[in-house]
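Have a look at the structure below, then the notes.
Lettering of chains follows the sequences in order, A, B, ..., and the numbering in each one begins at 1.
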Amino acid sequence: MTDPSRIRNFSIIAHIDHGKSTLADRVLQLTHTIADRDMQDQVLDSMDIERERGITIKAQAVRVMYDADDGHTYQLNLIDTPGHVDFTYEVSRSLAACEGVILVVDAAQGVEAQTVANALMAMNANLEIIPLINKIDLPAADPERVRHEIEEGLAIPAEGAVLASGKTGEGVRDALEAVVRLIPPPAGSADAPLKALIFDSYFDTYRGVVALIRVVDGSVTRGMKVRMMASSTVTDVEEVGVRRPANMPVDSLGVGEVGYLITGLKDPSLVKVGDTVTLAKHGATHPLPGYREVKPMVYTGLYPIDGDQYPDLRDALERLTLNDPALVWDPESSHALGFGFRVGFLGLLHMEVVKERLEREFGLDLLATAPSVEYHAHRTSGEMLTVHSPQDMPDPGHLERVEEPFLKVTVLVPPDYVGPVMELADQRRATFKDMQYLSATTVEMHYEMPLAELIMDFFDQLKSRTKGYASLDYEYIGYRESSLVKLDILLAGKPVDALSFIVHKDKAYPRGKVLTEKLREIIPRQMFEVPIQAAIGSKIISRETVRAKRKDVLAKCYGGDITRKRKLLEKQKEGKKRMKSVGSVEIPQEAFMAILKVDE
Amino acid sequence: MSENLTLPRHLYVHVPLCRSKCAYCGFYSGATCSSSIPEHGVTLGLIRQAEGWLRRDLPAAALDTLYIGGGTPTVLGGGLPLLVASIARSFGLTEGAEVTVEANPDSLDARLVRMLPSAGVTRVSLGVQSFEEEELRALKRPHDTGQAKRCADEVLSAGLEISVDLMCGIPGQTLESWERSLGCAIELGCGHLSVYPLSLEEGTPLADQVEAGHVVLPTDDEVATMLEHAAVALASAGLARYEVASFARSGCESRHNTAYWTGAEYLGVGPSAHGMLSVRTAEALGVAKATNRTARVRYSVPADVCEGLESDPPLELEHLSADEVLREDAMLGMRMAAGITDELAAMAGATGALSELEDDGLVMHIEGRWRMNPSRWLLGNEVFGRIWLRDRV
């Protein structure tokens, strides 16, 4: 166990693409934690998707030993946090394991929405903030302007900001010196009963759940009996260790130390992020603050294109959930799509990542229905129903009111684009709250809006209307009553459940109209005329028609054409396979996502 | 075992030459070494390869049909009658055999026409495509409408039957211009017409022009209307649709093409020609070994002009199982107005699909035969596809 005065626990926080992971790589190299020959890019992002997309999804912790200018060797624990608003709670728990952060700001891009959001989280957690202006080797780098933005926009003194380049390694040592000098050592009592914070976990096929922990008080030793306070689970400590970044067992972890804990528990739901580990007997009476049950924000139906893959999809979801307890799912069935699952995600990115992993790592071909949120439907009987799928929305006659989740949304944008943002916000039922200049080049706008509107390609629209300049952050603020209706789509007179969605009453008509038009373009001509209707209850609000196909490819078919003809027919059939037939109508997969791309 | 077997009674010869390439042609007629093979060399090569089949271990049967296609067979000039006469002599022809040559109006002159009947030719298939100058130019056809009409007259006055190819969906074509072309063909007095839409083949100059937006094709709906009008106009002129894309006066139906659609064996000679043999015939000819998984063998001659003209070229084989043979016969049989018997439908496992298609109004079940609903010919692929793939909704 190390003397706490020689320990520093910190995290690197940044807006996406500001160079956090590359900077972490340099820290590992500089401290010889990883030999140069073993170095690969973004060591701490272990998933392919993390590397490809340049985002961090799982938190990581790594211990490095740093020989500081004061002649002492320090134990530095770098806790890498997820870099996306979907994972706000996870970030807050990672930050709770630190005493300080390095706030990375791109020397060319400057302060962006997540820079602000992350800095605020660090401030709320009372952490020491070391500003670091990264990518100073870029031709477009303007450290002076960025320094100014940090001071003006975030009220963080930045005259001493570290100037660095993750690419060249310049300034990385300065950053570590600042960590040693400015970030306080962990304060905790070695004599108090054990209190350790679980800030992430992952599943190991052989060892079960591995928890990443930060010891606050006391110490945790192999062989000890411990209790997870929120899940009230008592278990033995099979192994404790530190990550460098491979697991290295140690006898115990003391005050301020960061490492991993293996208990032999196989059920990830018993090892919750944010929970406190204490002694089984005579343990702490109060857990560490900040624990919260993680709740999904966005739901979608996932269906295998090939119905035979249903059991494979279930197995794959089970396996992903081991490493990602935030993923929740329930079997669901649709007349149109057959058997599938209604899956809840922390946010849109989380959804995309999970779908991509299911397809890529498990070889599944999936169809996703348009995402929806969790509605609270209050029946006239007084009963409240949580609705994750439009199919489950009760009949309007039995509804007293419906509530939907609202967000506080922060948009950072150059002043020239304030107009387009306001226009978009207006279309998305967003209520303007206030706006302020962070600097001459950045305006911060605050809105309150329904989550349901945000998940309708709001971010893509925001980006395209601001030529990519706007950045976005949001936080959940609670449920509010809205005037919502369920819009059904009927094909050839039959409602297609998987195409139903819930929409604000005032937008039902234009959205129904655009969607039917869109579907007319997407649905290929069939042997019969296919009417497409949008309806609220029994009232048809718009109608389009896919006219009947009049001819398919006809050609001469002589001796040499026969083989080719057969192949053509087979190819045609393959094309059809990728569509879903609902009754007699063949629907291409993209139809199910068309709702998302509707701009009236 | 092979005592009853003979060579097929149908022979197709592919002449791999063209004077120029049409804008829509995706066919391999590029002469990789044609400069080194003069036209008479091609003629002799084809004769040698055809006669090669006679030297194998099966007795010849007099040919019921012989079809010289291409490419442009008339490019052979005087070699064309020589080719026909040689094959007729060495294989023998049945009484009333159908001997067709394909011809392009630009390379079929009066002298050549006069030589054809004595060589044994009974029928000329004329690649007209359109009787509108603009449309011929858009297709880069090497002839004009005057040549086409003159040619047709000469063929008819030589006592030969004539078939005309007409194409719809040509850039710039309208319903009116299409009807004019149809009218010309009817007026010429031809007994047989092949009518089909232009199909855009990837990599052809026309496909490139369409992609670049320099050329606009008639829409699918316009083409459908053209095909519907053609059926009406031809029927009232006494030419009945006996196959999806073929119309004929009674007795003028192409017996050679009918062989393709009714599961008859045929030999193919010349670069990229195809042949079809029962597995027993194929084995007797030394083409393929019989296995219990193979019932029918389709073969193709290499497309390369040098290799494809060898007297014993390497053949590329496709094996079909007994089940595939039945489905193929059913699928091809449904191309014909006569349709298929209940028995074939049942053996091909197509009765279910056909019943569904009947419910959908695409096919009819009359007097123990399944056939296309004459008003739904344009959705033929739906029918053929469901039969071949044994696809039930």
Side-chain angles (χ1 to χ4, degrees), chain A residues 305-308 335-338 491-494 496 520-531 544-588, chain B residues 10 12 14 27 67 69 165 194-199 220-221 223-228 243-246 254 256-257 259-261 266-268 272-276 298 300-301 318 320 324 327-328 331-332 335 357 360-362 376-389 391 393:
Chain A
I305 308 256
D306 173 358
D308 293 346
H335 290 300
L337 304 178
L491 293 182
K494 295 203 179 69
V496 179
R520 189 197 59 209
E521 287 163 26
I522 293 173
I523 295 174
R525 292 170 71 171
Q526 329 238 328
M527 289 199 309
F528 309 96
E529 184 176 282
V530 179
E544 292 284 338
T545 305
V546 179
R547 283 177 304 136
K549 177 165 72 178
R550 289 180 57 195
K551 74 176 243 298
D552 45 32
V553 189
L554 292 174
K556 297 187 286 189
C557 184
Y558 302 150
D561 305 317
I562 294 168
T563 302
R564 198 160 9 117
K565 179 80 184 174
R566 286 195 321 253
K567 297 225 166 90
L568 190 84
L569 294 170
E570 282 160 15
K571 222 170 105 190
Q572 210 167 283
K573 159 105 180 190
E574 275 307 304
K576 274 193 191 169
K577 252 195 190 160
R578 271 174 276 133
M579 295 199 253
K580 275 281 173 186
S581 18
V582 178
S584 55
V585 185
E586 311 265 358
I587 310 176
Chain B
H10 308 279
Y12 174 78
H14 188 86
F27 200 70
Y67 196 106
D165 282 3
S194 293
V195 173
Y196 47 91
L198 168 72
S199 81
D220 246 25
D221 280 348
V223 173
T225 305
M226 289 179 196
L227 289 167
E228 282 162 8
E243 189 259 352
V244 181
S246 310
S254 164
H256 186 83
N257 290 344
Y260 293 142
W261 303 318
Y266 54 92
L267 286 173
S272 71
H274 289 68
M276 189 272 266
R298 292 190 173 277
S300 60
V301 180
E318 189 197 14
L320 285 95
E324 286 170 324
R327 286 188 285 136
E328 185 178 81
M331 165 190 88
L332 291 170
R335 292 186 70 87
L357 288 162
D360 294 347
L362 266 67
R376 304 310 291 273
W377 273 112
L378 301 189
L379 294 174
N381 265 3
E382 187 69 33
V383 176
F384 312 145
R386 285 208 229 162
I387 292 175
W388 168 246
L389 300 160
D391 193 9
V393 177

B:Tyr260 to A:Ile562 - nearest heavy-atom pair and separation: O-CD1, 3.9 Å
Using atom types as modelled and distance alone, determine if a side-chain donor or acceptor of A:Asp552 lies under 3.5 Å from a backbone N or O of B:Asn381. yes
With a 4.5 angstrom heavy-atom cut-off, is it the side chain or the backbone of B:Glu318 that approaches chain A, or both, or neither? side chain
Taking the side chain as every heavy atom from C-beta outward, state whether A:Lys565 and B:Trp388 have any pair of such atoms under 4.5 Å apart. no
Residues, nucleotides or ligands: over 12 heavy atoms within 6.0 Å of A:Lys494 NZ: no
With chain A as the partner, which of B:Arg327, B:Arg376, B:Glu228 has the greatest number of non-hydrogen pairs under 4.5 Å? B:Glu228
Output, in order, the C-alpha distance, side-chain angles, deciding distance and verdict of side-chain contact (heavy atoms from CB on, under 4.5 Å) for B:Asp165 and A:Lys556. CA-CA 10 Å; B:Asp165 282 3; A:Lys556 297 187 286 189; 3.6 Å; yes
To the nearest 0.5 Å, what is the distance between CG (B:Asp360) and CD (A:Gln526)? 11.5 Å
Salt-bridge test for A:Arg566 and B:Glu324: reply yes if a basic N is under 4.0 Å from a carboxylate O, no otherwise. no
Are the side chain of B:Tyr12 and the backbone N or O of A:Gly559 linked by a donor-acceptor pair below 3.5 Å? no
Please look at B:Trp261 and chain A and tell me whether the side chain, the backbone, both or neither of the residue comes under 4.5 angstrom of a heavy atom of that chain. side chain
Select, from B:Ser194, B:Ala245, B:Gly69, B:Pro197, the one with the greatest count of heavy-atom pairs under 4.5 Å involving chain A. B:Pro197
Is B:Thr225 in contact with chain A via its backbone, its side chain, both, or neither, using a 4.5 Å heavy-atom distance? both
Step-by-step side-chain contact (heavy atoms from CB on, under 4.5 Å) determination, A:Arg525 to B:Asp221: CA-CA 11 Å; A:Arg525 292 170 71 171; B:Asp221 280 348; 2.8 Å; yes
What residue in B:Arg335, B:Met276, B:Met331 has the most heavy-atom pairs under 4.5 Å with chain A? B:Arg335
Ion pair B:Asp220/A:Arg550, N-O distance below 4.0 Å: no
For the student: nearest non-hydrogen atoms of B:Leu332 and A:Cys557, plus distance: CD2-SG, 4.1 Å
Segment of B:Leu362 engaging chain A (4.5 angstrom heavy-atom cut-off): side chain
